[in-house]
Protein chains: 2
Amino acid sequence: MSINRRLAATTARLLPGLNPSEGSGRVLVAALKLFAERGYAGASVRDVAAAAGVKPATIYAHYASKEHILAELCRVGHDEQYRGVRTAVLESGGESREQIVAYVRAHVGFHTTYPMLAVVSNSELHVLSEDLGAATFVLRRESEGLLQDIIKRGVQSGTFKVVDPWLAVAAIGGMGLRVAYWFSPAYKLSAEQVADGYAEFALRLLAADRPPVARAQAG
Amino acid sequence: MSINRRLAATTARLLPGLNPSEGSGRVLVAALKLFAERGYAGASVRDVAAAAGVKPATIYAHYASKEHILAELCRVGHDEQYRGVRTAVLESGGESREQIVAYVRAHVGFHTTYPMLAVVSNSELHVLSEDLGAATFVLRRESEGLLQDIIKRGVQSGTFKVVDPWLAVAAIGGMGLRVAYWFSPAYKLSAEQVADGYAEFALRLLAADRPPVARAQAG
DNA sequence: TTGCCTAACTAACGATCGTTCGGTTAGCTT
DNA sequence: AAGCTAACCGAACGATCGTTAGTTAGGCAA
């Protein structure tokens, strides 16, 4: 339509295994796209139904309410994000440097792979009632807590140097969040390159020591 | 109401001189608060009218449509933001280091001083038609272009070291944007401290040289 | 007082909102 | 062939949406 798009991505990707032509999945993908592009309140149930190739009444055969659709998207999104960063950090070495790189690469990777899911589950979360949002809030806190723990540990060991660890959490988390809005496969840098760049940014932001062993290479 | 607030700020601050009890200003401040907290589509004209202490019809004596209210908020917000960073950079010295510090401090300062204005003018902008959003888009490009120019200049002079200047623009801009969502006067750090911290983060992210003259002090 | 202007109001328009109810279809089991 | 189940749809409910037309109240000039 117009120049002012909410996010650069144009295709709604949901987790593998959930996309298929089954009714419930079609509705979820359609809602993902419309909620991402227009916001939850800006996309009507009729819009979602039309995009899913279904009549409005059919949606209520799969979801109890419009809010339940959003709750499911938020839960799936935060679940995948937390799963990604947690796995990446666990599989990295014990060094704080490695952990931050693993976290940021996974974090940015989620926002480039699932931009619409990231936008919806982060910027529409406030609509959910306390009950429907509870599961998502837990995951959000876990993700943020993990990053905070990595940074605090690195500061204590002297690897990182920041005045306030939480401010670094906010900065690193914030710059990663925004990636979902401007990244698209058509961007001049690949998702891998963006993730690498942001990981380097995070290391610099934390004033991280150069790697302990030889193979050092500056950004 | 619930835990899940869209942003931490609770009071709607508009630019000085626009707040007063005059009808048009009351409506604008009320719309600012509700659009920030619930989103443009999530806040009805009746809600805005009630918050402003007037009847719905009165709003149309001051603004042609609901969209015009949003357009005005977006314009004011981007105008103030651009004015702030531009002035700060111009008043700083010619050194790239000083310019980045000035830019980031002003950028973060805007987001801590006018969090609701920042949230609305950045995350509801996509609703505006091409016509109504045109003025705002120009200002947005100017702001981003200014940051990009500062970084490019610093890279050319060897002060900064980044592989892709635009990626640094995205990272620095993104981390500043998010401040509007979590900052509140009740936060443990003052707005000044947050701005200082983010300026330091930006310098580190760009791998800036230590200041050329003596008075160097590490973060 | 009269007339006018501004600003706010009451009341309502048609459209669209989320949601529900009852019925229809398609496919499988027996 | 008969019966069951799950999925889907047509039609409509009351509520709320953005917006407008017409009216009323108050201040000021004549």
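The sequence lines fix the lettering, A, B, ..., with proteins before strands; numbering per chain opens at 1. Predicted, not measured: the structure shown is a model, and the values here were computed from it. Below, all heavy atoms of this structure are taken into account, side chains as well, without hydrogens, waters or symmetry copies.
With hydrogens and angles ignored, the 3.5 Å screen pairs no side-chain donor or acceptor of A:S123 with any backbone N or O of A:V120. B:R6 contributes a side-chain N or O that, together with a main-chain N or O of B:A36, makes up a donor-acceptor pair within less than 3.5 Å.
A salt bridge is defined here as a Lys NZ or Arg NE, NH1 or NH2 lying under 4.0 Å from an Asp or Glu carboxylate O, and A:E144 with A:R140 fails to meet this definition.
Taking atom CG of residue B:L132 and atom P of nucleotide D:dG18, one finds them 16 Å apart after rounding to whole Å. As rounded to whole Å, 15 Å separates atom C1' of D:dC17 from atom CG of B:L34. Distance NZ (B:K55) to P (D:dA25): 15 Å, rounded to an integer number of Å. As a whole-Å value, the separation of B:I69 CD1 from D:dT19 C1' is 12 Å. For the pair A:R26 CZ and D:dC8 C1', the interatomic distance rounds to 12 Å; values are reported in whole Å. With rounding to whole Å, A:K66 atom NZ is found 4 Å from C:dG18 atom P. Distance, A:Y63 OH to C:dT19 P: 14 Å, rounded to whole Å. Distance A:Y40 OH to C:dC17 P: 13 Å, rounded to the nearest Å.
Taking only side-chain nitrogens and oxygens, A:T58 comes nearer than 4.0 Å to OP1 or OP2 of D:dC9. Residue B:Y60 has a polar side-chain atom (N or O) positioned under 4.0 Å from OP1 or OP2 of D:dT19. Taking side-chain N and O atoms only, A:H62 has no distance below 4.0 Å to OP1 or OP2 of D:dA6.
At the heavy-atom level, B:A57 lies under 4.0 Å from base atoms of the strands shown.
B:Y181 carries B:R178 over the face of its six-membered ring, with the cationic atom under 6.0 Å from the centre and within 45° of the normal.
Rounded to the nearest 0.5 Å, atoms OH (A:Y114) and CG (A:L32) are 11.0 Å apart.
Near-neighbour residues of DNA chain C inside residues 41-50 of chain A, defined by a heavy atom below 4.0 Å, number-ordered: A:A43, A:S44, A:V45, A:R46.
In summary, the aromatic rings of A:Y103 and A:H107 are positioned with their centroids under 6.0 Å apart.
Note on ring orientation: taking the six-membered ring where Trp is involved, the planes of B:F201 and B:Y198 are tilted (angle from 30° to 60°).
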